[in-house]
Amino acid sequence: MNPPNNDNDKLISHRAFSVSLILIDILAHIPLEREIVKCTLVNRWWNQLATERLWYRFRGLKNNSKTKSFEKFLNILISARDGKCLHQYGKYVKILDLEKLELDQEEQLLTTLECCQRIETFIIGSKVLNKQKMVDMASRLPNLKFFKFSDSIEINDGDAMEAIADYCPRLEELELKKDISCFGEILLRIVQRCKKIQRLDIEEKNYDDQTMIPILEQIPEITQLKIHQCIGISEEVLLKIFKFCPKLTKLNATNMHEITEEFAFETAKHFKKCTRITVNKVDRPLDSSIEASENNLNISLYEIDLGMIINNFINRKEKLRELILTDIELNKLTLGIICENLDLYTLGLFGVKELAKADILAAISKLKNLKTFSIRFSKIPSEYILEDEKEKLFEICPSLEFVQWHTIQYKK
């Protein structure tokens, strides 16, 4: 029962168990609340501490064939379940990671789940799962919040995920990776039954508009949404995302068949506090994407009207502070509008083709609060910044601290 020497074990322990009160908390609170603290609460604290000590002893539940550490751990869990132990060890196991355990016996896994009824995060590694296996596991996970699948998982039964809807009503995060088959009606049933879902990832599914709209209508509390390479979903549905999901704080819509500036504007309108925007031009419509969080907006489109995008940010109450443009066709007029109307702290121009040095320096000199400026040309430039031009630029822009002109860096 000696504590581990490795700091990583401590981190794993605190993730795996709900250790909100340790011994010092007990000693600090019991004397003050001697008359009101119930014995059951004290017993809960001690059970929690005992479970953490057990975790330390078996080093994170690793299935070591030489020491048979997990087999010993499971025997203790079974004894606790059957009332033969002083402490209820399984009650405080919050995370079970099968990628580390590498359990070969299905019966051993199911017994473990029966002994740990309060698991909130269940991580499963390389396996091929069918409907019956999903039912066997999900039926033993009534408090599950996150069913995490590895990238190598395979679920070929389109209705296998229905077990989550039937047995895991407290689910908060759901990842439907590319090798996880899930019929649209099954996903709809999951979001109808699991009202607490906060994050939903959908990858490479053949859902269409008729399938997706009812699903979005059922997740008004969701905060993170990812839709990747679902080419059957039109931009018309994407434009309704913020109506159905008003609490979104993170959105990824990538490799979609149809994304235009209209969806980019709607995304910018929703993420009002965004201070950093990156605009990229892609070679194929299918590579278009919108990735947004509270402070960042990344727009990758096949066809881009930069003027419309910039105008969208000029009159906003919340000011844009960072602008990165990649492979965008820039001219003197457009760059001048950007520098005259946006109070930027950071400006990055990459893949620039036709802009004269004098026009660039004249434009960025209007950004009085600019701190960082970077430019990289599509080919080796014929003009570089001269020493007197550098000094003049730093003088005109007193806040400027760093300039990168193609591959050469200048510091104040």
Side-chain angles (χ1 to χ4, degrees), residues 161 164-165 169 171-176 182-279 285-286 288-305 308-318 320:
M161 297 295 288
I164 291 179
L171 194 75
E172 294 181 2
E173 300 181 52
L174 179 62
E175 292 181 349
L176 296 178
C182 181
F183 296 142
E185 58 269 25
I186 299 300
L187 177 56
L188 178 59
R189 189 159 184 267
I190 291 174
V191 296
Q192 287 174 335
R193 295 289 300 275
C194 305
K195 297 295 186 181
K196 294 184 178 182
I197 286 185
Q198 299 289 311
R199 181 169 75 88
L200 176 61
D201 290 3
I202 305 173
E203 296 185 20
E204 298 185 28
K205 300 293 179 285
N206 59 348
Y207 301 156
D208 57 15
D209 292 357
Q210 283 187 317
T211 300
M212 204 63 202
I213 288 178
I215 291 171
L216 292 173
E217 289 176 333
Q218 294 294 325
I219 50 175
E221 300 297 318
I222 197 169
T223 58
Q224 298 182 42
L225 176 63
K226 177 181 177 181
I227 305 175
H228 173 70
Q229 206 163 323
C230 298
I231 59 176
I233 301 174
S234 70
E235 188 175 44
E236 184 179 351
V237 171
L238 296 179
L239 290 170
K240 296 178 181 179
I241 285 177
F242 304 112
K243 174 186 174 181
F244 296 135
C245 310
K247 297 184 180 181
L248 275 180
T249 59
K250 188 174 182 180
L251 171 69
N252 284 27
T254 56
N255 295 93
M256 307 291 286
H257 180 65
E258 185 180 359
I259 293 183
T260 68
E261 291 135 340
E262 188 177 0
F263 182 50
F265 296 150
E266 285 299 312
T267 305
K269 191 185 301 183
H270 176 81
F271 292 92
K272 297 178 180 179
K273 296 182 179 180
C274 172
T275 59
R276 185 180 191 275
I277 178 174
T278 302
V279 183
L286 189 59
S288 299
S289 66
I290 301 288
E291 300 177 50
S293 62
E294 292 182 327
N295 296 316
N296 298 304
L297 175 59
N298 191 328
I299 301 172
S300 299
L301 299 177
Y302 178 65
E303 294 182 354
I304 297 176
D305 187 335
M308 290 180 63
I309 294 175
I310 297 303
N311 285 334
N312 183 71
F313 286 91
I314 287 177
N315 298 316
R316 289 199 332 166
K317 182 179 179 180
E318 292 79 10
L320 191 67

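In what follows, every heavy atom counts, from backbone to side chain, and hydrogens, waters and symmetry copies are set aside. All residue numbers refer to positions in the sequence shown, counting from 1.
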Margin query: Before you tell me yes or no, could you show the steps for Asp201 and Gln224 under side-chain contact (heavy atoms from CB on, under 4.5 Å), namely the whole-Å CA-CA distance, both residues' side-chain angles and the distance that decides it to 0.1 Å?
Written below: CA-CA 8 Å; Asp201 290 3; Gln224 298 182 42; 5.9 Å; no
Next item on the list: For the pair Lys226 and Leu200, evaluate side-chain contact (heavy atoms from CB on, under 4.5 Å) and give the outcome as yes or no after the intermediate values.
Entry: CA-CA 6 Å; Lys226 177 181 177 181; Leu200 176 61; over 6 Å; no
Just so I know, are the side chains of [X] and [Y] near enough to count as touching, which here means a heavy-atom distance under 4.5 Å?
| X | Y | answer |
| --- | --- | --- |
| Ile197 | Gln218 | no |
| Phe183 | Met161 | no |
| Ser300 | Ser288 | no |
| Thr260 | Glu235 | yes |
| Val237 | Ile213 | yes |
| Ile227 | Thr254 | no |

Identify the two heavy atoms, one from [X] and one from [Y], that lie closest to each other, and give their separation to 0.1 Å.
| X | Y | result |
| --- | --- | --- |
| Pro220 | Pro246 | O-CD, 3.7 Å |
| Tyr207 | Ile233 | O-CG1, 3.5 Å |
| Phe271 | Leu248 | CE2-O, 3.9 Å |
| Cys230 | Glu204 | SG-N, 4.1 Å |
| Ile215 | Val191 | O-CG2, 4.2 Å |
| Ala268 | Asn312 | CB-ND2, 3.6 Å |

Check: Is the shortest distance from a Lys or Arg side-chain nitrogen in Glu221 or Lys247 to a carboxylate oxygen in the other one below 4.0 Å?
Finding: yes
With a 6.0 Å cut-off (strictly less than), is the heavy-atom count around [atom1] of [X], excluding the residue itself, greater than 12?
| X | atom1 | answer |
| --- | --- | --- |
| Asp209 | CG | yes |
| Lys195 | NZ | yes |
| Glu236 | CD | no |

Next item on the list: Sorted by first residue and then second, give each side-chain hydrogen bond (donor to acceptor under 3.5 Å, both in side chains) pair with at least one member in residues 261-272; sequence neighbours left out.
Entry: Glu266-Lys269
Looking at [atom1] of [X] and [atom2] of [Y], how far apart are the two atoms once the value is rounded to the nearest 0.5 Å?
| X | Y | atom1 | atom2 | result |
| --- | --- | --- | --- | --- |
| Glu172 | Thr223 | CD | OG1 | 9.5 Å |
| Phe244 | Ile222 | CZ | CD1 | 13.5 Å |
| Leu301 | Ile259 | CG | CD1 | 7.0 Å |
| Ile309 | Ile304 | CD1 | CD1 | 5.5 Å |
| Asn255 | Ile231 | CG | CD1 | 10.5 Å |
| Ile219 | Gln192 | CD1 | CD | 11.5 Å |

Checklist line | Test side-chain contact (heavy atoms from CB on, under 4.5 Å) applied to Leu176 and Lys205, step by step | finding: CA-CA 9 Å; Leu176 296 178; Lys205 300 293 179 285; 4.1 Å; yes
Check: Going through the distances and angles, do Thr275 and Leu320 end up as a side-chain contact (heavy atoms from CB on, under 4.5 Å)?
Finding: CA-CA 4 Å; Thr275 59; Leu320 191 67; 5.5 Å; no
Atom pairs and distances, side-chain donor-acceptor, residues 290-298, under 3.5 Å, sequence neighbours left out:
from	atom 1	to	atom 2	distance (Å)
Ser293	OG	Asn296	N	3.4
Asn298	OD1	Asn280	ND2	3.0

Next item on the list: Name all residues meeting the salt bridge (charged side-chain N to carboxylate O under 4.0 Å, His left out) criterion together with Lys243; count only those two or more places apart in sequence or in a different chain, and write none if there are none.
Entry: none
Notebook entry, point to check: Where does the angle between the aromatic ring planes of Phe242 and Phe263 fall among parallel (under 30°), tilted (30 to 60°) and perpendicular (over 60°)?
Noted result: parallel
